[in-house]
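Here the structure is laid out as structure tokens; the discussion comes afterwards.
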Amino acid sequence: MRAADVLRLVSGALQDLEPGLESRWPWEGGNDGRVGLLDFLNDAVWAVALQRPDTTAVTEAILLEPGMRQRLPRRSVNGATRDARFLMELIRNMGPDGEQPGPAIGSVPPELLLAWANTGRTSPVVENFAYDRVTNRDVYYVYPAVPDRPEVWVEATYSAAPEPVAGPDQSFPLSAEYADAVKHHMLASIFSGDNESSNAAKAAWHMQMYASVMGVKQSVDAAWPRARGTGAGA
């Protein structure tokens with residue numbers, strides 16, 4: 001699915017596809033600072049990703065730092081392909097080179113892990129991790145502590161920042177099932193702005209539709225069975 005598929009729907013809703021007429025809302029902004037529909041699309045994608053971090057989830061092997069205290073995966077430090085916004089889970093150990101699947105890693109609340117952890121214990125095999133993004137989204141903990149040597153890699157799932165869409169022919173950055181939510185968010189933003197298309201009633205309706213689409217998706221996903229392994233406890 002391309003970004004153009006969503007842009008076309010938005011232009012149609014704005015009645016901005018009349019043959020022979022200049023578009024009031026061009027897809028791409030101009031060098032003069034004019035806002036284009038791609039700007040609204042990127043803003044809507046960010047809104048969806050903030051509400052549903054799993055829409056930009058990445059699962060891959062990352063390199064841990066020495067000690068219990070860890071920072072979110074970054075390209076410059078942890079060998080990640082993207083910079084993380086939130087951690088979702090540590091799945092399993094991946095050995096000293098990131099290519100040797102090993103024992104699963106269990107999740108525990110940070111206050112429990114820090115209460116019973118032996119801070120002097122180190123191991124190249126991680127047993128548990130703890131993360132609370134409400135308290136501090138940039139930090140999580142692993143147990144036992146990671147030694148300086150050898151290197152310790154684990155398989156992790158994290159939410160990355162959405163890749164900005166620069167042109168209509170670029171791929172839509174989310175799963176296609178979120179295209180309708182993005183469309184309604186874009187229209188709500190346009191109709192609520194200080195411009196010739198302003199219409200408070202339409203803006204409110206499209207924002208309600210956005211919330212409805214996101215709510216339905218949330219309900220469907222919550223009802224879907226999700227198997228989860230149990231890691232080794234200390």
Side-chain angles (χ1 to χ4, degrees), residues 42 45-166 170-175 178 221 226-234:
N42 283 317
V45 167
W46 262 100
V48 170
L50 285 174
Q51 189 171 345
R52 291 293 304 267
D54 57 298
T55 59
T56 55
V58 177
T59 299
E60 64 184 0
I62 61 169
L63 174 66
L64 296 181
E65 300 176 70
M68 288 181 59
R69 189 176 188 270
Q70 304 289 320
R71 292 171 291 178
L72 290 182
R74 291 161 295 163
R75 285 174 285 194
S76 60
V77 176
N78 309 100
T81 57
R82 308 268 294 278
D83 289 333
R85 296 186 305 125
F86 307 112
L87 180 71
M88 300 179 74
E89 63 178 341
L90 298 189
I91 303 168
R92 57 182 176 171
N93 287 272
M94 292 298 290
D97 56 6
E99 298 181 358
Q100 301 178 35
I105 303 172
S107 172
V108 296
E111 61 271 17
L112 292 182
L113 185 146
L114 295 176
W116 51 247
N118 175 1
T119 56
R121 181 186 172 203
T122 64
S123 172
V125 177
V126 176
E127 298 172 3
N128 299 98
F129 82 98
Y131 179 61
D132 184 349
R133 76 174 189 178
V134 175
T135 301
N136 187 341
R137 73 173 189 177
D138 297 323
V139 171
Y140 66 99
Y141 297 87
V142 298
Y143 184 80
V146 176
D148 290 331
R149 291 287 184 273
E151 291 185 341
V152 175
W153 290 76
V154 298
E155 188 174 51
T157 298
Y158 61 87
S159 177
E163 294 284 3
V165 179
Q170 190 172 328
S171 296
F172 184 63
L174 304 176
S175 173
Y178 288 98
D221 288 351
R226 179 175 185 268
R228 182 178 178 86
T230 56

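Throughout, numbering of the chain's residues begins at 1 and tracks the sequence.
Ion pairing of R74 with D83 is absent here, as no side-chain N (NZ or NE/NH1/NH2) approaches a carboxylate O to less than 4.0 Å. We find that R82 and E60 are not joined by a salt bridge, their nearest charged nitrogen and carboxylate oxygen being 4.0 Å or further apart.
No side-chain donor-acceptor contact under 3.5 Å links E89 and Y131.
Applying the side-chain hydrogen bond (donor to acceptor under 3.5 Å, both in side chains) rule to R71 yields the partners E65; only residues at least two apart in sequence or on another chain are considered.
A donor-acceptor pair under 3.5 Å links the side-chain atoms of R85 to the main chain of A49, judged by distance alone. A donor-acceptor contact shorter than 3.5 Å links the side chain of N42 to the backbone of V165. A side-chain donor-acceptor contact under 3.5 Å links W116 to the backbone of L112. Looking at T55, its side chain does come within 3.5 Å of a backbone N or O of R52 through a donor-acceptor pair. Put simply, the side chain of N78 gets close to the backbone of L63: a donor and an acceptor are under 3.5 Å apart.
The shortest distance between side-chain heavy atoms of Q70 and L87 does not fall below 4.5 Å. A heavy-atom distance below 4.5 Å is found between the side chains of N118 and Y143. A 4.5 Å side-chain heavy-atom check between V152 and P147 finds at least one atom pair inside the cut-off.
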